[in-house]
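Just below is one structure, and these are the notes that go with it.
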Amino acid sequence: MDTGSILGRLAALREEYAAGGLDVPDLAADPYLMFQRWLGEALDAGLHEPNAMVLSTVGIEGRPSSRMVLLKGLDERGFVLFTNHGSRKGQELAADPHCALLFPWHPLQRQVRIEGTARVLEREAVEAYHRTRPRGAQLGAWASQQSQPVASRDELTAAYDEMTARFEGQDVPVPDHWGGYRVEPETVEFWQGRPGRMHDRLVYERDGVGWRIQRLAP
Ligand SMILES: Cc1cc2nc3c(=O)[nH]c(=O)nc-3n(C[C@H](O)[C@H](O)[C@H](O)COP(=O)(O)O)c2cc1C
């Protein structure tokens with residue numbers, strides 16, 4: 001397919017959003033309950049990996065970077081994810097914990113945007129989650145120096161084989177460099193697409209111990 005026809009198809013993409021609406025009386029008392037409600041609806045709708053979210057961090061000179069990660073926990077303190085602390089995102093969060101999360105729930109014509117601060121997760125929570133992971137993923141956490149250059153696929157495979165041999169016949173412990181973050185939100189926006197691009201945007205903003213709700217223009 002030539003570039004011209006791909007760009008033609010791109011120009012023809014136009015979705016009208018009319019699946020639903022969102023108004024202040026529809027909102028739960030806090031963004032965690034509201035998020036759980038929408039996550040439940042995403043699960044019920046059979047969305048593929050509805051816990052996949054874009055995590056954006058800030059690097060040197062204020063330059064942002066984004067990548068997908070998985071939401072693995074949620075309570076009234078925040079949104080939990082797991083990763084390698086030595087990775088690019090880990091290094092960036094260590095230098096500046098401000099970050100953003102985005103859930104792109106296209107089939108529901110929804111997105112949720114979260115801005116807040118990432119706190120390093122308690123070790124007990126990391127170990128508890130690590131125990132639930134398949135052995136292959138546990139070994140991968142040892143074998144991969146996430147975000148570092150590697151010479152070849154063979155080098156990665158060799159590192160994985162080495163860890164497989166090292167921990168043979170025993171439980172795989174949590175590597176020191178591996179852990180999690182809880183993103184404590186300052187704002188959580190619930191976005192519902194509407195006809196004519198007149199979307200609903202309702203934002204919870206931290207207000208002392210509670211939350212203030214604001215509607216934003218689409
Ligand atoms: C759907 C999906 C889920 C992912 N989940 C995670 C995750 O939970 N933790 C993680 O460290 N990387 C995850 N990744 C890989 C990251 O997107 C990224 O490649 C990796 O963390 C390195 O990012 P960094 O170099 O910016 O630190 C996921 C990728 C995809 C596509």
Side-chain angles (χ1 to χ4, degrees), residues 32 35-36 38-75 77-108 110-157 159-160 163 172-185 188 191:
Y32 308 112
F35 182 86
Q36 277 188 40
W38 271 25
L39 178 62
E41 290 172 15
L43 288 162
D44 290 346
L47 261 60
H48 180 67
E49 293 201 297
N51 62 332
M53 56 189 180
V54 179
L55 164 68
S56 299
T57 53
V58 184
I60 48 166
E61 295 171 7
R63 294 180 187 217
S65 68
S66 300
R67 78 288 290 155
M68 282 278 180
V69 293
L70 295 175
L71 178 72
K72 286 291 175 178
L74 169 68
D75 62 21
R77 291 171 298 169
F79 299 79
V80 171
L81 62 104
F82 293 93
T83 192
N84 184 317
H85 288 303
S87 66
R88 176 174 177 182
K89 75 182 91 49
Q91 292 187 30
E92 292 187 351
L93 288 173
D96 184 345
H98 296 109
C99 63
L101 301 173
L102 169 73
F103 290 85
W105 289 331
H106 306 292
L108 297 179
R110 286 175 174 173
Q111 61 175 333
V112 180
R113 299 171 58 176
I114 297 159
E115 288 165 29
T117 306
R119 310 274 179 217
V120 173
L121 203 63
E122 317 79 60
R123 218 50 201 163
E124 311 82 76
V126 173
E127 281 167 10
Y129 174 66
H130 173 84
R131 283 194 290 275
T132 70
R133 301 185 86 199
R135 190 174 177 86
Q138 294 175 338
L139 290 168
W142 278 94
S144 165
Q145 296 191 330
Q146 197 177 49
S147 315
Q148 296 305 311
V150 275
S152 64
R153 182 78 211 177
D154 286 349
E155 186 180 307
L156 276 181
T157 306
Y160 190 87
M163 292 305 146
V172 181
V174 188
D176 286 344
H177 61 255
W178 197 85
Y181 296 92
R182 180 181 291 107
V183 177
E184 299 174 355
V188 184
W191 185 102

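Atoms within a ligand are numbered from 1 in the order they appear, just like the ligands themselves. Keep in mind it's a predicted model, so treat the numbers as computed, not measured.
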query: Out of K89, E92, M68, Q91, who gets a non-hydrogen atom closest to atom 2 (C) of ligand 1?
result: M68
field: Side-chain donor-acceptor contact under 3.5 Å, S56 with R67
entry: no
- request: Do me a favour and list the nearest non-hydrogen protein atom to atom 8 (O) of ligand 1 with residue, atom name and distance?
  value: L70 N, 3.0 Å
message: So, regarding G90 and ligand 1 (criterion: nitrogen or oxygen to nitrogen or oxygen, under 3.5 Å), is there a contact or not?
response: no
- line: Between T83 and K89, the two heavy atoms sitting closest are OG1-NZ, 2.9 Å
- prompt: Starting from atom 25 (O) of ligand 1, which protein heavy atom do you reach first, and at what distance in Å?
  reply: S147 OG, 2.6 Å
field: Numbered atoms of ligand 1 (with element) below 4.0 Å of F82, judged on heavy atoms
entry: 7 (C), 8 (O), 9 (N), 10 (C), 11 (O)
message: List ligand 1 atoms under 4.0 Å from T83, heavy atoms only on the residue side.
response: 10 (C), 11 (O)
- prompt: Ring centres of F103 and F35 under 6.0 Å apart?
  reply: yes
query: Is any NZ, NE, NH1 or NH2 atom of the basic residue among R119 and E184 found under 4.0 Å from an Asp or Glu carboxylate oxygen of the other?
result: yes
- request: Around atom 6 (C) of ligand 1, find the nearest protein heavy atom and jot down its residue, atom name and distance.
  value: V69 CA, 3.5 Å
message: Please report whether atom 19 (O) of ligand 1 has a protein non-hydrogen atom at a separation of less than 4.0 Å.
response: no
message: Taking the side chain as everything from C-beta on, heavy atoms only, tell me whether R63 gets closer than 4.5 Å to V58.
response: no
message: Quick test of your reading of the structure: of E49, R67, H48, whose heavy atom lies closest to atom 26 (O) of ligand 1?
response: R67
task: Identify which of H85, R88, Q148, Q146 has a heavy atom lying nearest to atom 12 (N) of ligand 1.
output: Q146
- request: List the atom of A42, the atom of L108, and the distance in Å for their closest heavy-atom pair.
  value: CA-CD1, 3.6 Å
message: Could you check whether any side-chain heavy atom of H85 comes within less than 4.5 Å of a side-chain heavy atom of Y181, counting everything from C-beta outward?
response: yes
